[in-house]
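These figures come from a predicted structure and were not determined experimentally. Values below: every heavy atom of this structure, side chains too, minus hydrogens, waters and symmetry copies. Lettering of chains follows the sequences in order, A, B, ..., and the numbering in each one begins at 1.
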Protein chains: 2
Amino acid sequence: MTGYTKRRLSGAALGKVAERFKALSEPMRLRLLYALMDGEKTVSELVGETGGVQANVSKHLSVLLDAGILGRRKQGTSAYYRIVDESIFELCDLVCGSIHDRLAAELAEFSATPRS
Amino acid sequence: MTGYTKRRLSGAALGKVAERFKALSEPMRLRLLYALMDGEKTVSELVGETGGVQANVSKHLSVLLDAGILGRRKQGTSAYYRIVDESIFELCDLVCGSIHDRLAAELAEFSATPRS
DNA sequence: GTAGTTTATCGCTCCACGGTAGTATAGCGA
DNA sequence: TCGCTATACTACCGTGGAGCGATAAACTAC
């Protein structure tokens, strides 16, 4: 019993799920999400932390906004972005665990292989 | 306490996580994964079930194979693919729940809005 | 041997997307 | 009013990847 339902998804649902995964398939966007873990930040702050160009950071942020992962608040000339879908980090944790397991398995297999 | 560790990831780890998400960001690949839920199948069977072209199905399967999500077994002229990373469905379930919550929230907000 | 089946791969077109530069818009201060 | 800053938007280029047809490779049956 692993906890997931193993329910089949309709075609439309499949598309929405794929869309969500696509929003998370860019290292830069993941970096932005992790930078936002300690609370909302402005675009400038995110530019400084991630080392990206302002235009790119702004575009990636709007992608995450459209995906429903981030929220935005404007104050003065600044735009404050925050995470509204905390399940993102659960996803990343699951993937990290899965990748770790695979690497560990490969390592074990390599170590068990007799060197010729 | 939601259960995830909220640990920051290195740049390389971020790339690997993004790569995994990218492998899941295609509806066709998700369809193949869900078709494989009830056990290993040949490419021909998957072509029949998903309605895809053989070349595409084969390519998508090799993407999932390289990502460590699927395993392959060859017997005669047939290739049997199976799921080796069951955590995939946990990921999909999490995303489904998240999407459902968002849609439900949008619906509630819409219903609460007084119609002018 | 030949023919048929199954799978993988190649070449191609087309489209989506990331990165970048430049520009526009809005708010703030002198 | 005139800058200055912060953000968003537009246009362009290059790349990567999906879809498709044709072909190649491996195996089976005759």
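- Heavy atoms of B:S78 sit under 4.0 angstrom from primed sugar atoms or phosphate atoms, though from no base atom.
- Classification of B:R31 and B:E49 as a salt-bridged pair fails, no side-chain N sitting under 4.0 Å from a carboxylate O.
- One atom, CG of A:L32, and another, P of D:dT7, lie 13 Å apart when rounded to the nearest Å.
- The CD atom of B:E45 sits 10 Å away from the P atom of C:dT6 (whole-angstrom rounding).
- With distances taken from any side-chain atom of B:V53 to the nucleotides C:dA8, D:dC20, D:dA8, the minimum falls on D:dC20.
- Rounded to a whole Å, the CG atom of A:L61 is 13 Å from the P atom of C:dG19.
- Within the 3.5 Å criterion, the main-chain N or O of B:A23 finds a donor-acceptor partner in the side chain of B:R29.
- Residue-to-nucleotide contacts include a donor-acceptor pair under 3.5 Å from the side chain of B:Q54 to the base of C:dA8.
- Across the protein-nucleic acid pair, A:N56 atom CG and D:dG14 atom P stand 17 Å apart, rounded to whole Å.
- Counting non-hydrogen atoms under 4.0 angstrom, B:S62 reaches nothing in the nucleic acid.
- The side chain of B:K22 lies closest to D:dG17 when the candidates are D:dT7, D:dA18, D:dG17.
- Between A:H60 and C:dG19 there is a side-chain polar atom (N or O) within less than 4.0 angstrom of OP1 or OP2.
- The separation between A:Y80 atom OH and C:dG27 atom P is 15 Å, rounded to whole Å.
- As rounded to whole Å, 13 Å separates atom P of D:dA8 from atom CG of A:L64.
- Backbone-only contact: A:Y81 has heavy atoms under 4.0 Å from sugar-phosphate atoms and none from a base.
- Within the 3.5 Å criterion, the main-chain N or O of A:K59 finds a donor-acceptor partner in the side chain of A:S62.
- Contact annotation: B:R72 reaches the phosphate of C:dA8 (side-chain N/O to OP1 or OP2, under 4.0 Å).
- The nearest whole Å value for the distance from the CD atom in A:E19 to the P atom in C:dC17 is 9 Å.
- Residue A:K59 is classed as a base contact, given a heavy-atom separation below 4.0 Å to a base.
- In this structure, A:R102 and B:D66 approach most closely via the heavy-atom pair NH1-O, 4.0 Å.
- In this structure, A:A79 reaches the sugar-phosphate backbone alone: every heavy-atom distance under 4.0 Å involves primed, P, OP1 or OP2 atoms, never a base.
- Nearest-nucleotide positions on DNA chain C place A:R29 closer to the 5' end than the other of A:T77 and A:R29.
- Of the listed nucleotides (D:dT7, D:dC9, D:dC20), D:dC9 has the atom at the smallest distance from the side chain of A:A55.
- As a whole-Å value, the separation of A:R73 CZ from C:dG27 C1' is 15 Å.
- Looking only at distances, a side-chain donor or acceptor of B:R20 sits under 3.5 Å from a matching main-chain atom of B:A67.
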